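Numbered from 1 within each chain, the chains take letters A, B, ... in sequence-line order. Here the structure is a predicted model, which means the values were calculated and not measured.
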2 protein chains.
Amino acid sequence: MANIKQIAQMAGVSIATVSRVLNEHPYVKEDKRAAVLDAVAKLNYSQNMNAVHLVRGKTLMIAVILPYVNHPYFASIIDGVANAALACNYKLLLCQTDYQAEEEYKVLELLKMKQIDGIIICSKTISWDVIEPYASYGPIIACENAGDREISSVFIDHYGSFKLGMDYLITKGHQHIGYFIGRGDSYNNINRKRAYAEALQAIGETPREEWGFDRVFTFERGVEVIRQILTMKERPTALIGAGDDPAAAIVAEARKHGIRVPEDLAVIGLDNQPIAEVMGITTIEQSMKEVGGLAFQAFYERINNKDLPPTKHELPFRLIERSTV
Amino acid sequence: MANIKQIAQMAGVSIATVSRVLNEHPYVKEDKRAAVLDAVAKLNYSQNMNAVHLVRGKTLMIAVILPYVNHPYFASIIDGVANAALACNYKLLLCQTDYQAEEEYKVLELLKMKQIDGIIICSKTISWDVIEPYASYGPIIACENAGDREISSVFIDHYGSFKLGMDYLITKGHQHIGYFIGRGDSYNNINRKRAYAEALQAIGETPREEWGFDRVFTFERGVEVIRQILTMKERPTALIGAGDDPAAAIVAEARKHGIRVPEDLAVIGLDNQPIAEVMGITTIEQSMKEVGGLAFQAFYERINNKDLPPTKHELPFRLIERSTV
DNA sequence: ATAAAATATGAAAAGCATTTCAGGTCAAGC
DNA sequence: GCTTGACCTGAAATGCTTTTCATATTTTAT
């Protein structure tokens with residue numbers, strides 16, 4: 001592969017001039033510019049980006065940390081990030097961690113090693129305390145409330161949204177309410193559980209262990225929730241959960257077993273993914289795609305102005321009434 | 001940030017020795033190794049990967065070209081690639097193109113500019129003839145049959161799988177069959193349309209323009225298909241299509257309008273995504289996740305042995321009978 | 001005891017492009 | 001006619017690491 005030196009030689013100019021042409025700097029005479037362009041074409045030259053990155057100290061690349069790609073919640077965030085990144089000519093490094101701390105560390109190291117300019121964290125295992133120091137190497141953005149740190153946050157009040165759903169169910173007369181969530185110890189889900197417990201407490205109910213379902217990310221796990229409920233003597237009359245996919249599975253599986261929805265079992269999903277509309281599932285809308293887009297913007301602003309402090313951006317949610325409550 | 005020179009100075013060795021320690025080369029005395037490691041810790045040193053990439057001519061990074069991330073078919077492929085890549089310590093550059101040729105070119109250029117070591121193409125706009133020359137800069141793998149080229153292919157016989165579905169419908173007595181596919185001019189969909197037409201021809205039917213639905217990627221578009229069918233005087237008795245999401249939407253929307261499935265309208269989806277199982281949709285299973293994994297493997301083998309010729313790997317499919325036919 | 005092989009280390013080259021600095025030309029303004 | 005500023009160009013420094021080659025020291029084998 002040709003390099004800039006050979007271009008310079010062929011065009012009869014210095015490498016500095018070649019660089020100027022390549023980077024569209026002013027102050028290059030038209031004839032030299034033409035000669036350089038000609039040589040570039042003749043030698044089929046392209047820059048070696050690794051050299052460019054080395055000297056510039058930037059890569060125009062941002063990493064996204066998430067446990068699973070193949071999951072509508074995260075896919076929506078990526079979608080948002082990808083579109084925003086595209087517009088700013090940034091590339092997206094996808095880091096699927098499966099919640100392995102080791103994988104998360106690798107990405108943080110990537111930032112330190114200047115292979116990426118910043119990180120967007122959708123969901124993670126290691127603590128913010130460990131992550132925060134890495135913010136000195138480049139902007140880190142959280143898609144959840146990271147608190148008061150050197151880390152920007154774009155988030156939805158998951159406590160509030162779950163509370164909204166709970167209050168709605170309670171208004172509809174439900175007292176025996178269960179929940180299903182993803183990874184139970186994530187920040188978002190801890191808040192949801194708190195909202196759940198507090199809402200129950202307000203009507204004098206105590207949460208029952210067996211009505212709380214953990215690790216419910218997928219259709220399959222939604223099906224299992226119903227199978228488990230079928231084995232119970234006392235069953236919940238309503239379920240609220242973190243995801244429309246499992247909610248859809250729960251509705252479908254329940255009906256398969258003769259459980260009427262919403263009469264015998266009310267269900268509230270989360271996200272307002274297309275499937276919720278198609279299946280008429282009552283859900284709480286929150287635009288994760290927008291979260292992704294704003295997360296990238298938060299990154300972009302900070303990378304272009306190092307003096308900017310970390311920001312916090314909270315996005316709204318709203319209940320969408322359909323036919324499962 | 002510290003660099004290797006400072007480490008060398010602090011440890012009282014040459015930079016060559018530091019590099020040896022960092023890269024775990026043999027032939028370094030234990031005391032010097034310790035001194036280097038000590039200096040690394042003290043100065044909080046990390047390699048500058050851009051320099052490493054420059055000198056090595058590799059980045060341990062592979063790009064995936066696809067139109068949409070937020071789509072189960074592509075998300076499955078990514079999932080497969082991501083897992084395989086993780087195991088080989090490769091990073092994944094996600095290139096969402098929205099079928100814009102310009103974006104696809106950018107990725108090809110990335111390969112030429114040595115920013116990535118190879119490319120996996122899930123679906124694309126520009127022709128293989130244009131893409132092929134770039135294979136001289138690094139392995140390019142297609143997740144469809146790229147034909148006889150310098151490009152490896154991992155694919156499913158989409159002609160065959162659609163044919164299987166058609167024959168199944170015909171066996172079940174259907175003659176008025178419609179189809180729904182994604183982007184109509186993609187290689188895969190051209191083959192599907194061919195299978196569709198040939199199967200109809202075999203029973204003396206002519207395909208009807210209005211029973212073929214294009215650009216049906218999503219739930220929403222599935223809903224629209226039914227809405228359109230409702231306006232028709234003569235309606236198809238069966239639909240076969242490229243995707244379980246739209247198939248699910250079609251089934252749900254049909255029932256909403258009093259069209260019985262499968263009695264009035266039979267539906268076959270594609271992929272056997274979880275939703276197909278939950279909703280009991282008859283579908284054709286094809287493991288796109290496996291396609292992704294094998295695509296990465298094909299890349300990995302070629303990057304580690306430049307002499308290897310491009311490979312072709314065809315994966316099986318099978319009909320899964322459920323309750324929508 | 002001596003040749004051969006293994007171990008250990010550093011200087012310098014190679015990988016490639018950007019940017020600063022210094023020096024130059026040329027035209028406009030006073 | 002002279003100063004000033006805009007325009008243009010190249011040498012050299014900079015960013016950082018890996019790897020080759022030459023050399024030196026030990027160890028092992030004969």
B:Ala16 has its side chain closest, among C:dA11, C:dT18, C:dC16, to C:dA11
Kindly indicate whether the side chain of A:Lys114, heavy atoms from C-beta on, has any atom under 4.5 Å from the side chain of A:Leu54.
no
Closest listed nucleotide, where the reference is the side chain of A:Tyr45 and the choices are D:dC16, C:dA17, C:dG10
C:dA17
A:Arg20, nearest nucleotide to its side chain (from C:dT9, C:dC21, C:dT18):
C:dC21
Kindly compute the distance separating SG (B:Cys95) from NZ (B:Lys106), expressed to the nearest 0.5 Å.
10.0 Å
Flag the pair A:Ile65 / A:Ile120 as yes when at least one side-chain heavy-atom distance between them is below 4.5 Å, and no otherwise.
no
Take the protein atom CG of B:Asn3 and the nucleotide atom C1' of D:dT14, then report the distance between them rounded to whole Å.
11 Å
Any base atoms under 4.0 Å from A:Ser19, or only sugar-phosphate, or nothing? Heavy atoms, all strands.
base
When you get a sec, tell me which of C:dT9, D:dT17, C:dC16 is the closest nucleotide to the side chain of B:Ala51?
D:dT17
Using a cut-off of less than 4.0 Å, is there contact between a side-chain N or O of A:Lys32 and OP1 or OP2 of D:dT9?
yes
Could you check how far NZ of B:Lys5 sits from C1' of D:dT18, rounded to whole Å?
15 Å
Kindly indicate whether the side chain of B:Ile62, heavy atoms from C-beta on, has any atom under 4.5 Å from the side chain of B:Ile119.
no
With heavy atoms under 4.0 Å as the rule, sort A:His53 into base, sugar-phosphate or nothing.
nothing
Kindly point out which of D:dT17, C:dA17, D:dT9 is positioned nearest to the side chain of A:Tyr27?
D:dT9
Thinking salt bridges, do A:Lys289 and A:Asp79 make one under a 4.0 Å N-O criterion?
yes
Specify the separation, in whole Å, of atom CG of B:Asn50 and atom C1' of D:dT14.
14 Å
Using the side-chain heavy atoms of B:His25, tell me which of these nucleotides is nearest: D:dT9, C:dG10, D:dT19.
D:dT19
By the 4.0 Å heavy-atom rule, please label B:Val18 as base, sugar-phosphate, or nothing.
nothing
d(CZ, A:Arg33; P, D:dC7) in whole Å:
14 Å
On DNA chain C, compare the nucleotides closest to B:Pro26 and B:Leu54; which residue's is nearer the 5' end?
B:Pro26
Return no unless some side-chain N or O of A:Thr17 is found under 4.0 Å from OP1 or OP2 of D:dT9.
no
Classify A:Arg56 by what it touches in the nucleic acid, base, sugar-phosphate, or nothing, heavy-atom distance under 4.0 Å.
sugar-phosphate
Rounded to the nearest Å, what distance is computed from the CG atom of residue B:Asn48 to the P atom of nucleotide D:dT17?
6 Å
Just checking B:Asn23: base, sugar-phosphate only, or nothing, at a heavy-atom cut-off of under 4.0 Å?
sugar-phosphate
Counting the benzene-type ring for Trp, do A:Phe299 and A:Tyr90 have ring centres under 6.0 Å apart?
yes
Let me know the distance between CD1 of B:Ile15 and C1' of C:dG15, rounded to the nearest Å.
13 Å
For C:dT18, does either OP1 or OP2 sit under 4.0 Å from a side-chain N or O belonging to A:Gln47?
yes
Over how many whole Å does the gap from B:Met49 atom CE to D:dT17 atom P extend?
10 Å
Rounded to whole angstroms, how far apart are CD on A:Glu30 and P on D:dC8?
10 Å
